[in-house]
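Read the structure below first, then the notes.
What you see below is based on every heavy atom in this structure, not just the backbone, and it leaves out hydrogens, waters and symmetry mates.
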Amino acid sequence: YINAPIMYDIGEYSVKEVTLEDRNGNSVTGYEIIEYHGADLSSGFIFPETLTIGETTKNVISIGNKAFIHTKYTYIVWL
């Protein structure tokens, strides 16, 4: 995976399915946002709790290290 600015409207997020351990050591499977393609972010932005691909809906459980590298943002809060 190489993060790159994309000049086409291909949707708001690129995601991959991941399985991570929660703080209790339990395996949790969900989506990791690996790239964001939307508008610049402001203080009103809310991260999605779930995403649906086809007919499958999963929780968003992770955000990749460079998912928002090409996005301007001001003070974002993850709740």
Should the heavy atoms of other residues, nucleotides or ligands under 6.0 Å from CG of Asp22 be counted, would the total exceed 12? yes
Which of these passes side chain to side chain contact (heavy atoms under 4.5 Å, CB included) with Leu51: Thr56, Thr57, Val60? Val60
Determine whether a donor-acceptor pair (N or O, by modelled atom type, separation under 3.5 Å) exists between the side chain of Asn59 and the backbone of Ile61. no
With Tyr31 as reference, evaluate Val18, Thr50, Val15 under the side chain to side chain contact (heavy atoms under 4.5 Å, CB included) test and give the passing residue. Val15
Carefully, step by step, assess Leu20 and Val28 under the rule side-chain contact (heavy atoms from CB on, under 4.5 Å). CA-CA 5 Å; Leu20 304 173; Val28 179; 5.6 Å; no
